[in-house]
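Inspection log for the structure reproduced underneath, given as structure tokens.
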Amino acid sequence: MEVYSFTKEDWENRLLAIGEPKFRAGQILEWLYKKRVSRWEDMTNLPSGLRDKLASEFPISPLEQIRVNGSADTTRKFLFRLTDGQMIESVLIPASPALYGEASDRRTICISSQVGCAYGCKFCASGLDGWKRNLTAGEIVSQFLRVEELGGEKINNIVFMGMGEPLANYDNLLRAIGILNAPWGIGLGARHMTVSTSGLVPRIRDLGAQPLQIRLAISLHGATDEVRTKIMPVNKKHPLADLLDACGDYVRRKKQKITFEYILIRDLNDSSEQARLLASHARKLNAKINLIPYNTVEGLPWERPAEACQEEFLSTVRRGGADATLRREKGHDIAAACGQLRLQVEKSFAHTPPLN
Ligand code: SF4
């Protein structure tokens with residue numbers, strides 16, 4: 001297990017096992033997460049013999065940056081190579097008064113949780129090549145550290161909406177969230193972390209049973225089983241009624257709002273009937289709805305509805321008593337939904353060689 005997967009307790013146990021005092025764990029964590037030092041030889045308050053031992057047993061390998069796309073005031077995508085050669089991407093979304101209000105200084109990272117994805121949503125590029133492997137907790141945490149370092153600004157919001165289904169990598173995700181949240185780790189409040197899922201009902205219940213106040217977003221994209229199953233195979237295993245029931249439990253336990261992400265796809269899920277049903281689902285759970293006009297992708301058959309239809313859908317949802325927004329700015333669509341993210345950012349690399 002690599003260095004950034006270790007909790008404080010892991011370090012204490014490992015130090016004790018090699019005859020070192022436990023308090024060294026606190027010193028190591030301070031170097032790694034507060035001072036952001038990634039070379040053992042620079043951790044000057046550790047005895048040099050211990051530094052040598054740690055360097056040989058626990059090599060630190062920060063994520064290797066392959067490419068970055070975008071500039072400081074826009075959304076930036078970072079492409080990283082992992083130690084086994086697999087590629088992942090992370091996205092940094094700058095503060096956006098237009099999106100979050102004038103006073104917002106929210107700087108968000110969108111983090112990947114797997115290489116590829118097994119869930120095969122029909123609108124998503126992440127699933128096209130299937131699932132390759134889960135990321136380790138350290139690879140998840142490292143995305144935060146490297147993007148903050150490369151972006152040069154503090155990040156204060158995390159969305160697990162990058163490549164992969166985060167709840168399908170539940171144990172590593174939870175371990176990573178623990179490290180990101182811990183005072184000895186990154187120290188970011190759980191309320192500033194959102195896990196976005198395609199609807200893995202048992203894991204939603206597990207997440208709800210966790211004490212941390214992690215936010216939940218559901219990639220819904222259909223208000224009936226018939227429509228949802230057309231584009232999200234996961235719906236066959238976990239139908240809408242079960243999903244909404246698990247969401248209800250989550251809301252009751254956490255006493256917080258969840259979000260429904262809904263990509264608007266022409267002639268598929270943009271009817272007024274779907275809008276009415278979507279509003280009804282959301283109203284019952286007091287959920288917020290994010291409507292995201294689909295971004296057309298070469299090779300996939302879907303199209304975005306005309307603007308007037310998008311507006312009409314929004315009005316119908318609002319008339320149905322639900323709290324809904326429609327993302328109009330292209331630059332921010334990137335953070336909008338599980339799967340659409342990768343589609344969009346890959347288009348921006350259209351003139352560079354394939355990733356692997
Ligand atoms: S939308 Fe999310 S769950 Fe579906 S295939 Fe893409 S990454 Fe996987």
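Whatever order the structure lists them in is the order used to number ligands and atoms, beginning at 1.
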Quickly, which of Lys257, Lys288, Arg318 forms a side-chain hydrogen bond (donor to acceptor under 3.5 Å, both in side chains) with Asp323? Name it, please. Lys257
So is Gly120 in contact with ligand 1, going by heavy-atom distances below 4.0 Å? yes
Is Ser198 touching ligand 1 with its side chain, its backbone, both, or neither, if touching means heavy atoms under 4.0 Å apart? side chain
Between atom 6 (Fe) of ligand 1 and Cys124, is there an N, O or S atom separated by less than 2.8 Å? yes
Spell out, as yes or no, whether a donor-acceptor pair under 3.5 Å connects the side chain of Arg106 to the backbone of Asn157. no
State the atoms of ligand 1, each with its element, that fall below the 4.0 Å cut-off from a heavy-atom position in Tyr119. 3 (S)
Check residues 44-56 and write down every donor-acceptor pair under 3.5 Å in which the side-chain atom is one partner and the other belongs to a residue at least two apart or another chain.
{"residue": "Asn45", "atom": "OD1", "partner": "Trp31", "partner atom": "NE1", "Å": "2.6"}
{"residue": "Arg51", "atom": "NE", "partner": "Met43", "partner atom": "O", "Å": "3.4"}
{"residue": "Arg51", "atom": "NE", "partner": "Leu46", "partner atom": "O", "Å": "2.9"}
{"residue": "Arg51", "atom": "NH1", "partner": "Glu41", "partner atom": "O", "Å": "3.1"}
{"residue": "Arg51", "atom": "NH2", "partner": "Leu46", "partner atom": "O", "Å": "3.2"}
{"residue": "Ser56", "atom": "OG", "partner": "Lys53", "partner atom": "O", "Å": "3.2"}

Which ligand 1 atoms does Cys117 reach within 4.0 Å, using its non-hydrogen atoms? 3 (S), 5 (S), 7 (S), 8 (Fe)
Can you check whether His221 and Phe123 have ring centres sitting under 6.0 Å from each other? yes
Think Arg203 forms a cation-pi with Tyr170, using NZ or CZ under 6.0 Å from the six-ring centre and within 45 degrees of its axis? yes
